[in-house]
Amino acid sequence: MEELLEQLLEECRPYTRSGRLAAYIPELANADMGDFGAYILSSDGRSACAGDYNKCFTIQSIVKPILLLLALMDNGEEVVRSKVGVEATGKPFDAINVSDQALLSEHINPMVNMGAIAMCNLIKGDDYNDKFNRLLSLTRELACNPNIELNESVYRSEKMTGNKNRALAFMLKTYGMLTDEVEDVLDLYFKACSISVSSKDLAHIGFVLSNRGKVAGTYKRIFNHEYAHYVNAILMTCGMYDGSGDFAVRVGVPAKSGVGGGIMAVVPTRMGIGIYSPGLDDKGNSIAGIKLLEKLSKRLYLSIF
């Protein structure tokens with residue numbers, strides 16, 4: 001497995017110079033386009049790694065399935081489903097609804113910014129610091145890494161420049177979809193996106209989702225197996241932004257991308273995969289990461305279709 005992963009990573013390395021960095025968040029413009037790493041954790045306990053698999057980067061939108069999990073654990077499926085829909089929007093992840101119709105929960109899903117901001121309102125805690133600490137704790141548990149921390153410089157950069165997310169949050173507030181103060185909710189969202197992870201961490205998180213809520217090694221159950229089904233289904237239809245349909249055809253597994261350059265892929269019952277390469281396409285997905293997943297899927301017959 002490791003030999004194959006190393007071979008495919010080198011085949012895809014030329015794609016790392018394609019695309020662009022997510023420079024609209026100033027700190028993300030400092031990434032090295034040449035960074036490329038991958039990690040696979042299989043259901044039989046075997047792992048394989050290649051390239052810069054221990055390189056840390058911010059999780060960005062890959063935190064959205066973790067936000068969804070925590071919202072489900074805190075409230076149950078019925079409440080979450082009443083607040084955030086499940087249908088693909090067909091629009092970019094940061095799109096603003098400009099129609100003359102009222103904004104309703106079914107118009108958004110947990111994998112776009114507006115849906116993720118709404119989910120932040122569902123996380124329980126004594127205050128918003130407590131809510132973030134609970135999210136960070138869950139992320140560490142999923143990744144089997146107690147050393148995962150907040151990247152303070154990216155958090156400050158996001159908070160200073162996140163005016164489009166503020167517009168989305170105030171729209172949610174206007175339509176009664178946020179009950180708490182907008183800046184408190186946004187602070188949790190900006191911190192959530194600024195959690196620092198590696199490809200190895202993402203593979204572990206993907207493994208838990210592939211294994212229906214059980215962590216690698218101990219196989220301790222973290223959450224109800226039905227929540228894994230819920231999250232994986234939404235990842236399949238919405239996880240790769242408005243490129244999710246093309247990704248389903250080319251790769252065929254539930255996955256979530258982030259503008260930091262990471263991709264977490266879930267191969268149900270078989271493996272979790274984490275990849276990092278910061279060069280993005282026009283939809284915000286890692287170009288080299290998708291190429292590597294496409295090749296892996298063909299060689300290992302990963303597609304669920």
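Below, each value reflects all heavy atoms present in this structure, side chains not excepted, and no hydrogens, waters or symmetry copies. Counting begins at 1 with the first residue of the sequence.
Rounding to the nearest 0.5 Å gives a distance of 12.0 Å between OG of S210 and CD1 of I205. In this structure, the separation between CE on M236 and OG on S244 is 8.0 Å, given to the nearest 0.5 Å. In this structure, the separation between SG on C193 and CD1 on I62 is 10.5 Å, given to the nearest 0.5 Å. Rounding to the nearest 0.5 angstrom, the gap separating the CD atom in E158 from the OH atom in Y189 is 7.5 Å. Between atom CG of residue L202 and atom OH of residue Y39 there is a gap of 12.0 Å, rounded to the nearest 0.5 Å. A distance of 6.0 Å separates CG in N151 from OG1 in T58, rounded to the nearest 0.5 Å.
Among all heavy-atom pairs drawn from G85 and P110, the shortest one is O-CD, 3.2 Å. Pairing each heavy atom of A143 with each of I148, the nearest pair is CB-CD1, 3.6 Å. Across all non-hydrogen atoms, the minimal contact from V112 to K64 is C-NZ, 3.6 Å. Contact detail for G260 and Q60: the closest heavy-atom pair is N-CG, 3.5 Å. Contact between G261 and L280 at its shortest, heavy atoms only, is CA-CD2, 4.1 Å. Between A71 and I123, the shortest heavy-atom distance links the atoms N-CD1, 3.7 Å.
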Please assess D246 against K283 for the test side-chain contact (heavy atoms from CB on, under 4.5 Å), listing each intermediate value before the final yes or no.
CA-CA 11 Å; D246 181 65; K283 298 182 186 300; over 6 Å; no
Walk me through it: do Y241 and S61 pass the test side-chain hydrogen bond (donor to acceptor under 3.5 Å, both in side chains)?
CA-CA 10 Å; Y241 303 132; S61 283; 3.2 Å; yes
Derivation of the side-chain contact (heavy atoms from CB on, under 4.5 Å) call for I304 and V267
CA-CA 8 Å; I304 64 174; V267 187; 5.6 Å; no
Stepwise side-chain contact (heavy atoms from CB on, under 4.5 Å) test for L296 and L5:
CA-CA 8 Å; L296 271 174; L5 186 60; 4.1 Å; yes
Between K164 and N113, does the side-chain hydrogen bond (donor to acceptor under 3.5 Å, both in side chains) criterion hold? Intermediate values first, please.
CA-CA 10 Å; K164 193 166 189 179; N113 291 14; over 6 Å; no
Could you walk me through whether Y128 and D187 pass side-chain contact (heavy atoms from CB on, under 4.5 Å), step by step?
CA-CA 8 Å; Y128 269 84; D187 193 64; 5.8 Å; no
From CA spacing to verdict: salt bridge (charged side-chain N to carboxylate O under 4.0 Å, His left out), K131, D127
CA-CA 6 Å; K131 292 182 181 190; D127 54 33; over 6 Å; no
Under the salt bridge (charged side-chain N to carboxylate O under 4.0 Å, His left out) rule, what do R81 and E78 come out as? Steps first, then yes or no, please.
CA-CA 5 Å; R81 187 71 182 265; E78 185 176 348; over 6 Å; no
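For N232 (side chain) and V266 (main-chain N/O), no donor-acceptor pair under 3.5 Å exists by modelled atom type. Using modelled atom types, one side-chain atom of N224 and one backbone atom of E226 make a donor-acceptor pair closer than 3.5 Å. A donor-acceptor contact shorter than 3.5 Å links the side chain of T161 to the backbone of S157. Counting only distance, with no hydrogens or angles, the side chain of N133 and the backbone of N129 share a donor-acceptor pair below 3.5 Å. Without hydrogens or angle criteria, S198 side chain to N54 main chain gives no donor-acceptor distance under 3.5 Å. Judged by distance alone, the side chain of D52 and the main-chain N or O of K55 form no donor-acceptor pair under 3.5 Å.
More than 12 heavy atoms of other residues, nucleotides or ligands lie within 6.0 Å of CZ in F57, so this atom counts as buried by the packing criterion. The number of heavy-atom neighbours closer than 6.0 Å to CD of E183, taken from other residues, nucleotides and ligands shown, is above 12. Enclosure of atom NZ in K83 is not indicated, since only 12 or fewer non-hydrogen atoms of other residues, nucleotides or ligands lie within 6.0 angstrom. Heavy atoms from other residues, nucleotides or ligands lying under 6.0 Å from OH of Y219 number more than 12.
E149 has a carboxylate O that lies under 4.0 Å from a charged side-chain N of R140, or vice versa, which qualifies the two as a salt bridge. Taking 4.0 Å as the cut-off between side-chain N and carboxylate O, R134 and D74 count as a salt-bridged pair. The pair D44-R46 meets the salt-bridge criterion, since a charged nitrogen lies less than 4.0 angstrom from a carboxylate oxygen.
Using modelled atom types, one finds no donor on one side chain facing an acceptor on the other under 3.5 Å when comparing D201 with S199. Between the side chains of N121 and T179, a donor-acceptor pair is found at a separation under 3.5 Å. Counted by atom type alone, E2 and Q7 present zero donor-acceptor pairs between their side chains at under 3.5 Å. Residues N285 and S257 bring a donor and an acceptor atom of their side chains to less than 3.5 Å of each other.
By the criterion of side-chain heavy atoms lying less than 4.5 angstrom apart, applied directly or through intervening Ile, Leu, Val, Met, Phe, Trp or Tyr residues, L293 is grouped together with M240 in one hydrophobic cluster. In the hydrophobic cluster analysis, where Ile, Leu, Val, Met, Phe, Trp and Tyr join through side-chain heavy atoms closer than 4.5 angstrom, I287 is grouped apart from I290. The hydrophobic cluster containing V215 also contains V63, counting ILVMFWY residues as joined when their side-chain heavy atoms lie under 4.5 angstrom apart, directly or transitively. When hydrophobic clusters are built by joining Ile, Leu, Val, Met, Phe, Trp and Tyr residues whose side-chain heavy atoms come closer than 4.5 Å, directly or via intermediates, V208 is grouped together with V197. Y15 and L9 sit in two unconnected hydrophobic clusters of ILVMFWY residues. Membership requires side-chain heavy atoms under 4.5 Å apart, directly or through other members.
A 4.5 Å side-chain heavy-atom check between E141 and H204 finds every atom pair outside the cut-off. Two residues are said to be in side-chain contact when any heavy atoms from C-beta on lie closer than 4.5 Å; L8 and K291 fail this criterion. Looking only at side-chain heavy atoms (C-beta outward), K200 and N145 stay at 4.5 Å or farther from each other. Counting only heavy atoms from C-beta outward, the side chains of E11 and L292 never approach each other to under 4.5 Å. Side-chain contact between Y230 and E77: present, with at least one pair of heavy atoms (C-beta onward) separated by less than 4.5 Å. Taking the side chain as every heavy atom from C-beta outward, E87 and N109 never approach each other to under 4.5 Å. Contact check for L300 versus L4: side-chain heavy atoms found under the 4.5 Å cut-off. Considering only heavy atoms from C-beta on, F36 comes within 4.5 Å of I275 through its side chain.
Here the rule is side chain to side chain contact (heavy atoms under 4.5 Å, CB included) with F223, and of L69, L138, L70 only L69 fits it.
At least one cation-pi condition fails for K173 and F170: the charged atom is not both under 6.0 angstrom from the six-membered ring centre and inside a 45 degree cone around its axis. Judged by a 6.0 Å distance limit and a 45° cone about the ring axis, K191 is positioned over the six-membered ring of F132.
For Y155 and F190, the ring centers sit 6.0 Å or farther from each other.
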